[in-house]
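One structure is given here, and the rest of the page talks about it.
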Amino acid sequence: MLADAAQVKRLQEKIRNEPEFFHREVLGYEPWDRQLEISRSIRDHRNTAVRSCNGAGKTFHIAHEGLRFLYAHGPGAVVINTAPVWTQVENQYWRYFRDAYRKAQYRLGGKLLKTQLNIDEKWFAMGLANDPDRMEAFQGWHAENIMVIFDEASGISPKIYEAALGAMAGGSVVRFVLIGNATQNSGPFYDAFKDPTFNKIRIRASDVPNVAQRRQVVPGLITHEWVEEMAVKYGVDSDIYRVRVDAEFPRHASDTLISVDAVESAINADREYYNEADDISGLDVARFGDDDSALIRRQGNHAEVIWKVNGNNTMTLAGKSAQYLRQNPQTKLFIDITGGLGAGVFDRLREQPDIADRVFGVNVAGTPRDPSTYVNIRIESWANVRDWLKDAVLEKHEDWYQLANPKYKITSTGKMQLESKEDMKKRGVSSPDVGDAIALTLSKPTEGDNLGVTWL
Ligand SMILES: Nc1ncnc2c1ncn2[C@@H]1O[C@H](COP(=O)(O)OP(=O)(O)O)[C@@H](O)[C@H]1O
Ligand SMILES: [Mg+2]
């Protein structure tokens with residue numbers, strides 16, 4: 001009996017002091033060197049803050065570390081984790097956590113639920129929501145040993161930070177881990193990097209083995225091709241590159257996506273036309289009766305504003321659009337159907353058999369082709385416009401300058417999001433109807449025939 005207790009004690013000490021032993025021998029998992037650095041920081045420091053590029057294995061590793069804390073410091077060990085939105089807690093951290101638990105080389109004991117592992121009443125791991133209205137969930141644990149993990153920490157409410165500090169007060173072994181993309185240049189995550197009580201770690205894309213060695217070393221982590229693409233698309237000086245690749249905080253709270261210069265260089269540019277068979281028109285339907293609806297036509301690298309009409313009358317727009325489609329039998333029409341107004345026009349046009357198969361709807365709030373970079377189709381289409389503009393020709397029209405108006409921000413998960421029309425209105429910038437119309441022609445349709453066809 002005594003020998004057993006001594007053995008358990010020695011094993012636990014090893015788990016506590018040699019994170020790589022636990023990960024390799026117990027979980028059968030091989031962290032890369034910066035992941036191990038995070039483990040050692042957690043071993044040696046009460047507070048750890050990690051700012052990192054995308055796809056470095058942050059969530060994956062921290063889930064394994066949550067498991068290690070339980071067995072390094074239990075019984076009487078509690079691990080609490082959260083992330084900005086619940087699906088991140090449930091489908092990322094806890095998916096990794098459950099996998100790690102199940103693949104362990106030894107029976108780890110306890111009862112595993114979707115977002116909980118219960119060993120006994122005072123010995124458990126649990127996912128909590130980042131919900132400032134339910135702060136009490138974070139308070140009053142008074143656990144003997146406690147670890148609190150904030151994943152995508154930039155996006156976690158300051159109130160939840162406060163509540164977590166309360167939960168950690170008075171514990172005997174306490175670990176606080178903040179990890180994520182450095183997406184906001186203010187707030188508690190930003191402040192942690194100026195706080196002397198935090199051990200700070202920064203992981204750049206160039207540190208990731210797949211990038212450093214230019215080959216796939218760890219499947220699932222970012223690659224050097226991805227880094228190069230980010231550099232070409234956004235430039236190494238852009239905020240998006242700083243945040244997603246260099247693990248640096250952005251310079252601005254938000255950036256405009258398209259520069260005035262890029263628009264100006266394309267207007268009546270002396271550039272050769274090409275790819276004219278790629279003939280798509282875009283109809284942006286005004287949100288409010290006093291805004292404009294706009295139709296533009298894009299043929300390859302060339303685009304022109306066909307008409308703008310005041311208001312959003314479904315019958316007028318459907319009539320004008322049907323006439324336009326009949327006069328231009330080559331073009332397809334992509335209509336923004338988000339929010340219902342454009343859907344009326346779309347339905348009306350789809351009822352007319354001679355043009356129906358050339359009419360497509362785009363729910364710009366829908367899932368983009370590249371969901372790891374963009375929150376929705378709208379920003380993805382606008383990013384496509386930005387790329388397209390580099391060698392495009394815009395038929396002169398004052399409204400093209402609207403393209404330089406919307407700002408984008410980087411969400412706490414490191415994805416890009418375009419400023420909403422409502423927010424633009426609030427800062428006194430006109431609704432970019434012509435911009436939205438050209439963006440539609442470079443977007444992924446979500447309604448209509450032949451959706452399997454690749455347009456771009
Ligand atoms: N050390 C590792 N060994 C094997 N696979 C890993 C390792 N680290 C990360 N991964 C894989 O990389 C993918 C991305 O990791 P994730 O933690 O979600 O990235 P991040 O949170 O940094 O965006 C995961 O699907 C995981 O399977
Ligand atoms: Mg993650």
Side-chain angles (χ1 to χ4, degrees), residues 19-42 48-68 81-105 115 127 130 149-156 177-184 189 201-213 215-227 229-230 240-248 370-375 410-416:
E20 61 274 34
F21 161 77
F22 179 75
H23 293 312
R24 282 176 196 149
E25 307 298 326
V26 180
L27 300 182
Y29 154 59
E30 189 66 44
W32 65 282
D33 55 354
R34 304 303 303 276
Q35 286 175 323
L36 269 184
E37 185 184 333
I38 295 172
S39 297
R40 286 193 285 267
S41 174
I42 293 169
T48 297
V50 185
R51 69 183 197 269
S52 158
C53 61
N54 275 59
K58 300 182 285 295
T59 308
F60 192 74
H61 187 65
I62 212 66
H64 286 79
E65 276 296 303
L67 204 45
R68 186 174 72 87
N81 76 290
T82 192
V85 294
W86 180 249
T87 53
Q88 293 163 343
V89 175
E90 187 173 304
N91 298 334
Q92 294 179 17
Y93 179 99
W94 275 93
R95 189 161 55 81
Y96 295 148
F97 189 103
R98 291 193 307 262
D99 267 2
Y101 175 88
R102 290 197 192 102
K103 286 184 191 147
Q105 326 274 316
T115 57
N130 171 38
I149 298 170
F150 282 6
D151 192 16
E152 301 298 354
S154 264
I156 289 170
V177 183
L178 310 178
I179 191 164
N181 285 93
T183 62
Q184 285 176 40
F189 186 54
I201 294 176
R202 174 182 178 191
I203 304 175
R204 293 176 169 91
S206 55
D207 300 327
V208 173
N210 297 355
V211 179
Q213 299 178 39
R215 66 188 174 91
Q216 194 185 79
V217 182
V218 183
L221 301 184
I222 48 156
T223 62
H224 79 96
E225 286 92 349
W226 178 82
V227 172
E229 196 184 309
M230 293 297 292
I240 185 92
Y241 191 91
R242 283 168 74 88
V243 171
R244 304 188 86 209
V245 178
D246 272 345
E248 194 46 279
D370 177 4
S372 66
T373 303
Y374 307 109
V375 296
I410 301 153
T411 67
S412 58
T413 51
K415 297 183 191 184
M416 294 172 72

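One-based numbering, in listed order, for ligands and for the atoms of each.
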> With sequence neighbours left out, which residue pairs that include part of residues 87-99 fulfil the salt bridge (Lys or Arg N to Asp or Glu O under 4.0 Å) condition?
Replying inline: E90-K114
>> Using the side-chain hydrogen bond (donor to acceptor under 3.5 Å, both in side chains) definition, which of the options T115, T59, N81 pairs with W94?
In response: N81
>> For a distance under 2.8 Å, give residue and atom name for each protein N, O or S atom next to the Mg ion (ligand 2).
In response: T59 OG1
Does the N or O separation between [X] and ligand 1 drop below 3.5 Å for any pair?
X: F60; value: yes
X: Q35; value: yes
X: P31; value: no
X: H61; value: no

Look at [atom] and find which of [options] reaches it with the closest heavy atom.
atom: atom 3 (N) of ligand 1; options: I179, V218, N181, D151; answer: V218
atom: atom 12 (O) of ligand 1; options: A63, G180, P209, G220; answer: G220
atom: atom 19 (O) of ligand 1; options: G57, S372, C53; answer: G57

> So which bit of P219 gets within less than 4.0 Å of ligand 1, heavy atoms only: side chain, backbone, both or neither?
Replying inline: backbone
>> Any heavy-atom pair between the side chains of C53 and V245 that's under 4.5 Å?
In response: no
>> Measuring from atom CD1 of I156 to atom OG of S412, what distance do you get when rounded to the nearest 0.5 angstrom?
In response: 8.0 Å
>> To the nearest 0.5 Å, what is the distance between CD1 on I38 and CG on D33?
In response: 10.5 Å
[atom] - nearest protein heavy atom and its distance:
atom: atom 24 (C) of ligand 1; value: Y96 OH, 3.4 Å
atom: atom 23 (O) of ligand 1; value: G55 N, 3.2 Å
atom: atom 21 (O) of ligand 1; value: T59 OG1, 2.9 Å

> Is the closest side-chain donor-acceptor distance between S39 and E65 under 3.5 Å?
Replying inline: yes
>> Assess, by modelled atom type and distance only, whether the side chains of H224 and Q213 contain a donor and an acceptor separated by less than 3.5 Å.
In response: no
>> Between R51 and G180 (side chain of the first, backbone of the second, donor and acceptor by atom type, cut-off under 3.5 Å), is there such a pair?
In response: no
> Does W32 offer a backbone N or O that forms a donor-acceptor pair with the side chain of Q35 under 3.5 Å?
Replying inline: yes
> Taking the inter-plane angle between the rings of Y29 and H61 on a 0 to 90° scale, is it parallel (under 30°), tilted (30 to 60°) or perpendicular (over 60°)?
Replying inline: tilted
> Of all the atoms in ligand 1, which lie at a distance below 4.0 Å from a heavy atom belonging to E30?
Replying inline: 1 (N), 2 (C), 3 (N)
> Is there a salt bridge (Lys or Arg N to Asp or Glu O under 4.0 Å) between R204 and E248 once you walk through the steps?
Replying inline: CA-CA 8 Å; R204 293 176 169 91; E248 194 46 279; over 6 Å; no
>> Looking at R34 and E37, is there a salt bridge between them, counting it only when a charged N and a carboxylate O are closer than 4.0 Å?
In response: yes
